[in-house]
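Here is the structure we will look at.
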Amino acid sequence: MVTRLYTHPIYLEHLTLPGHPERPDRLRALAKVLEDSAFDGLDRAEAPMGDEATILYAHPQEFIERVRGTIPDEGLTRVDADTTVSPKSWEAALTAIGAANAAVDDVFAKRADNVFVASRPPGHHAERNKAMGFCLFNNAAIAARHAQKAHGVERVAIVDWDVHHGNGTQDIFWDDPSVLYCSTHQMPLYPGTGAKSETGAGNIVNAPLAPMTGSDHFREAFTTRILPALDTFQPEFIIISAGFDAHRRDPLAEINLDEEDFDWATAVLMERAGSFAGNRLVSLLEGGYDLKGMSLSAGAHIKRLMEG
């Protein structure tokens with residue numbers, strides 16, 4: 001398998017308040033793990049700046065201007081109680097979008113079988129008209145629409161295993177049966193969405209996990225809800241919203257996964273990508289706030305992408 005990695009130094013310049021869990025050190029910790037010789041075969045590339053027009057795939061112009069207006073000339077500005085921006089946040093967000101869209105282009109042009117995007121800020125909490133939960137724009141949603149608009153894809157699946165429900169992705173695709181959104185997440189937990197009863201146009205599959213559960217419940221949720229939905233939908237392209245905050249070490253949640261669980265989940269999604277999507281799979285970094293737990297889990301995920 002040819003696995004490409006996109007990242008960029010600009011992501012380190014999206015600054016948050018001291019002590020904030022979504023911090024530049026997340027990418028530094030992952031970069032350290034990826035220095036291991038096991039990753040020598042990883043095709044590393046610098047993320048390109050995104051086309052601002054592609055933000056319109058998921059968000060209206062008025063919202064885009066509102067986010068742009070929060071960017072300060074110096075210091076930090078709060079978007080909400082949890083989300084801050086700094087002078088380089090706009091450039092970082094556009095480059096996160098650029099990387100996600102370039103990853104889509106790569107797998108359809110067969111420059112790579114799959115791609116992992118190590119970017120900040122994350123995206124899955126960003127609703128159509130609302131930035132929240134550390135997120136400004138919804139990178140996964142924009143990438144899904146890019147696959148449809150640029151490559152003629154009819155069916156895109158987004159699988160979100162971040163421990164927090166991707167309310168933004170669900171909001172954007174709520175009534176769109178061309179995009180399947182599947183999520184495992186702790187419930188109850190921020191942002192309070194993600195019940196099994198939330199099904200959209202039949203294209204939303206939520207598999208909430210109770211606090212203090214672990215591998216068995218996570219794998220059962222995948223096996224009984226997520227994978228059957230994928231098998232029925234038969235996506236032509238798969239996006240993973242890859243948060244690693246369901247790791248047992250993470251300070252913001254109470255799900256007890258470890259690196260082997262993320263390796264397993266990656267493998268079963270790669271099987272579906274091989275069956276339905278010509279191996280086309282793009283993975284976008286979302287959460288994960290314990291540096292060791294996140295970086296080792298992401299490393300296991302990337303290693304599985306490389307090995308098949």
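We count residues from 1, following the sequence as given.
With D175 contributing its side chain and A201 its backbone, the two residues share no donor-acceptor pair below 3.5 Å. In terms of modelled atom types and a separation under 3.5 Å, the side chain of H14 and the main chain of A92 share no donor-acceptor contact. Formation of a donor-acceptor pair under 3.5 Å by the R155 side chain with backbone atoms of F233 is found in this model.
Atom CD1 in I238 sits 8.0 Å away from atom CZ in F276 (nearest 0.5 Å). Taking CD1 of I226 as the reference point, atom CG of D231 lies at 11.5 Å (rounded to 0.5 Å). Between D176 atom CG and Q148 atom CD the span is 6.0 Å, to the nearest 0.5 Å. Separation of atoms OG1 (T54) and CZ (F137) is listed at 10.0 Å; rounding is to 0.5 Å. Atoms CG and OG1, on N114 and T266 in that order, are 9.5 Å from each other to the nearest 0.5 Å. Taken to the nearest 0.5 Å, the NE2 atom of H124 stands 10.0 Å off from the CG atom of L285.
Comment: D258 does not engage R248 in a salt bridge, judged by the lack of any side-chain N to carboxylate O separation of less than 4.0 angstrom. Residues E13 and R120 are not paired through a salt bridge, judged by the lack of any N-O separation under 4.0 Å between the basic side chain and the carboxylate.
Side-chain polar atoms of H165 and T193 form a donor-acceptor pair below 3.5 angstrom. In the model, S241 has a side-chain atom that pairs as donor or acceptor with a side-chain atom of E286 under 3.5 Å. Counted by atom type alone, H8 and T95 present zero donor-acceptor pairs between their side chains at under 3.5 Å.
Of all heavy-atom pairs between M270 and L305, the closest is CE-O, 3.6 Å. Of all heavy-atom pairs spanning I142 and I55, the tightest one is CD1-CA, 3.9 Å.
I158 forms part of a hydrophobic cluster together with Y6, V104, V107, F108, V115, V117, V153, V156, I172, F173, W174, V179, Y181, I204, F237, I239, V282, L284, judged by ILVMFWY side-chain heavy-atom separations under 4.5 Å.
Atom CD of E65 has more than 12 heavy atoms from other residues, nucleotides or ligands within 6.0 Å. Other residues, nucleotides and ligands contribute more than 12 heavy atoms inside 6.0 Å of the NE2 atom of H151. Heavy-atom neighbours of E154 CD from other residues, nucleotides or ligands within 6.0 Å: at or below the threshold of 12.
Aromatic ring pairs are classed by plane angle as parallel below 30°, tilted from 30° to 60° and perpendicular above 60°; the pair F244 and F116 is tilted.
In summary, the aromatic rings of W161 and H301 are positioned with their centroids under 6.0 Å apart.
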